[in-house]
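Read the structure below first, then the notes.
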Amino acid sequence: MVMAKAGWLCGSSLTIGRTFITSFKTTVSFRNPRFLFSTTHRCCRGVLSKAKGNLSSPWSVVVTESISLTDTEKQLFDQLLQVVCHYSLETQLRVAGGWVRDKLLGKECYDIDIALDNMLGTEFCEKVNGYLVSTGGKPQGIGVIHSKPDQSKHLETARMRLFDVWVDFVNLRSEDYAENSGNSTVEFGSAEQDAYRRDLTINSLFYNINTRSVEDFTGRGLDDLKSGKIATPLPPKVTFLDDPLRVLRAIRFSTVFDFEMVKDLKVAAADTDVKSAVADRISRERIGNEIDLMVSGNQPVKAMDYMSEFELFWVVFTLPPNIKHEIKEHETICVNYINAAWRLMNALGGCSFSDEQRRLYLYAALFLPLRKTVHGENKRKIISTVNHIFKNSLKRKASDAKNVIKLHNAAEKFLSLIPHMISSEDMKPVEVDWNSNMIEVPDPLRLRVLPGLILREIKDFWRAALMLTVLIDEDYTDESSVDKVGMFKKVEEEILKLGLEKVWEVEPLISGRDMMTLLELKNGGPIVSEWQQKLIQWQLAYPTGNVQECIDWMIHS
């Protein structure tokens with residue numbers, strides 16, 4: 001499956017002036033504090049594409065004619081305006097950032113952030129609840145995400161659920177930057193001040209619920225959206241030092257939308273001060289979340305290329321101190337592996353992977369060169385470097401590290417079996433060093449038992465593990481991709497011929513309790529566990545065997 005670029009073709013015209021709209025309709029006005037104009041865009045959804053012969057504006061994107069509200073959004077915004085009216089507030093309600101961007105690109109978005117010009121989010125949420133009670137409704141719970149300036153989380157955010165949609169409420173902010181410093185003082189601000197302190201120009205747009213208009217206070221948001229540029233409202237180094245996570249967000253948005261990062265942004269992304277700020281001032285949870293979105297996105301390879309280009313790779317994927325210098329040169333190999341894994345997956349049509357299988361497969365490919373690297377936290381404990389990255393660098397759930405390590409181990413096990421599984425010639429008996437408790441069975445049957453054990457361990461991820469196997473110790477040229485695809489298909493076909501698909505769902509013929517009776521044991525323990533493993537091997541070797549045949553085998557073993 002060839003990865004497609006998603007986006008929209010350009011086709012718009014601008015008319016000087018201002019459009020006033022008195023109700024929620026499909027037409028909105030774009031309002032710039034410096035230039036008042038309305039738009040009469042002709043909606044033309046298509047494919048995001050580079051415009052040939054135009055180096056100054058390499059991208060061409062259509063911004064839709066209007067922001068079209070869903071019924072839920074209309075109800076939600078109407079209710080918020082009713083709250084303003086009920087309390088005679090002078091509050092301007094604005095939807096900020098990504099929702100506006102996505103709506104203008106003709107995409108639905110369920111992430112609604114409301115910016116308030118004269119009160120905190122918690123204050124407004126309390127007024128919403130007061131209004132709901134006054135109209136016979138039920139008040140909603142209010143969640144508060146507190147500010148953490150030391151981690152570049154400057155604003156408190158209040159969250160509540162309205163019309164089955166989670167809505168975040170936050171006040172507009174301004175910042176006073178100290179000269180020659182990234183430090184700033186945060187205060188209430190105007191919408192224009194708030195727009196300039198946002199991460200990217202394409203995320204600096206507002207939809208004013210009161211006036212039902214789109215506002216482009218930087219004067220660049222709409223143009224950069226249409227031309228496909230990733231730029232910052234303020235000088236990029238200032239923006240990045242305000243919140244260093246924005247470097248990773250710039251990379252992510254560039255790859256998600258296939259937009260081009262402007263030159264000065266790239267320079268700032270590789271700046272030493274910015275890299276130090278990413279390492280020292282951002283929580284690892286926030287970093288891990290951004291990386292997860294990149295790996296799960298539509299251009300994970302491009303994202304990792306940027307991480308390497310800006311020398312952010314080991315800033316993000318921090319290594320244990322005692323091995324940092326030993327494997328730092330693996331960065332290029334890591335990026336090459338995820339590139340090869342991506343091409344192989346697409347060449348195989350995606351292998352019908354679920355989102356989770358795809359995500360962990362790409363992580364496993366990225367860290368494939370580190371699969372045998374370990375470090376000791378103390379003399380009695382050896383820790384995998386891959387586990388360290390997931391646990392300490394990205395703060396991901398423990399199961400992510402566990403599953404990636406299982407993928408690596410399964411890939412190594414497959415490696416010793418592949419020559420036997422695809423060869424048409426008689427070969428020496430199958431010898432592996434990862435199963436010392438193999439039962440005695442004819443050699444042809446071992447070629448069902450051993451891959452069966454791998455599949456029972458890795459389950460639905462076995463295709464991902466097999467794909468990693470054909471990448472190990474291979475080069476990364478396009479010429480080799482045909483051989484890799486052929487290798488994968490041969491082994492996959494053999495596994496299916498052996499009837500091993502879903503083999504992990506096969507139940508043992510003899511339960512643990514019955515096995516204790518047969519072995520005349522009063523208590524379970526290592527002996528029962530060992531025999532259970534042998535029983536699974538026997539069933540893999542003799543898939544049509546019955547309980548009595550299994551008992552006879554146990555008695556005579």
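Excluded from the calculations below are hydrogen atoms, water molecules and symmetry mates; all remaining heavy atoms, backbone and side chain alike, are included.
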Looking at side-chain heavy atoms only, is the closest gap between [X] and [Y] below 4.5 Å?
{"X": "L80", "Y": "L162", "result": "yes"}
{"X": "L370", "Y": "H330", "result": "yes"}
{"X": "V170", "Y": "D113", "result": "no"}
{"X": "L417", "Y": "I454", "result": "yes"}

Is there a donor-acceptor pair under 3.5 Å between the side chain of [X] and the backbone N or O of [Y]?
{"X": "N203", "Y": "G97", "value": "no"}
{"X": "T135", "Y": "L132", "value": "yes"}
{"X": "S308", "Y": "M304", "value": "no"}
{"X": "S384", "Y": "V374", "value": "no"}
{"X": "T385", "Y": "T373", "value": "yes"}
{"X": "R159", "Y": "G143", "value": "no"}
{"X": "K391", "Y": "A398", "value": "no"}
{"X": "R448", "Y": "L445", "value": "no"}
{"X": "S393", "Y": "F317", "value": "no"}
{"X": "T255", "Y": "I251", "value": "yes"}

**OP:** Verify side-chain contact (heavy atoms from CB on, under 4.5 Å) between L407 and F367, making sure each step is shown before the conclusion.
**Re:** CA-CA 11 Å; L407 279 168; F367 300 136; over 6 Å; no

Regarding [X] and [Y], does a basic nitrogen lie under 4.0 Å from an acidic carboxylate oxygen?
{"X": "R463", "Y": "E492", "result": "yes"}
{"X": "R359", "Y": "E356", "result": "yes"}
{"X": "E494", "Y": "K490", "result": "no"}
{"X": "E285", "Y": "R396", "result": "no"}
{"X": "E290", "Y": "R286", "result": "no"}
{"X": "D355", "Y": "R358", "result": "no"}

Taking atom [atom1] as the centre, does [X] end up with more than 12 heavy-atom neighbours from other residues, nucleotides or ligands that are less than 6.0 angstrom away?
{"X": "E505", "atom1": "CD", "answer": "yes"}
{"X": "Y110", "atom1": "OH", "answer": "no"}
{"X": "L518", "atom1": "CG", "answer": "yes"}

Over all atoms of both residues, closest heavy-atom pair of [X] and [Y]:
{"X": "C125", "Y": "M160", "answer": "SG-SD, 3.6 Å"}
{"X": "Q539", "Y": "V506", "answer": "NE2-CG1, 3.7 Å"}
{"X": "Y337", "Y": "L471", "answer": "CE2-O, 3.4 Å"}
{"X": "G545", "Y": "L509", "answer": "O-CD1, 3.7 Å"}
{"X": "A158", "Y": "G121", "answer": "CB-C, 3.5 Å"}

Original post:
Between the side chains of N392 and R284, is a donor N or O closer than 3.5 angstrom to an acceptor N or O?
Top reply: no

Original post:
Do you know which of D400, N403, D292 makes side chain to side chain donor-acceptor pair (under 3.5 Å) with Y363?
Top reply: D292

**OP:** Give the C-alpha distance, both sets of side-chain angles, the deciding distance and a yes or no for side-chain hydrogen bond (donor to acceptor under 3.5 Å, both in side chains) between W462 and E501.
**Re:** CA-CA 10 Å; W462 70 267; E501 178 75 350; 3.3 Å; yes

**OP:** Among residues two or more places apart or on two chains, list those pairs meeting salt bridge (Lys or Arg N to Asp or Glu O under 4.0 Å) that have a residue in residues 541-554.
**Re:** none

Original post:
Out of R252, R101, R249, which residue meets the salt bridge (charged side-chain N to carboxylate O under 4.0 Å, His left out) rule with D199?
Top reply: R249

Subject >> Verdict with reasoning, Y542 to W553, per side-chain contact (heavy atoms from CB on, under 4.5 Å) >> reply: CA-CA 11 Å; Y542 305 100; W553 164 75; 6.0 Å; no

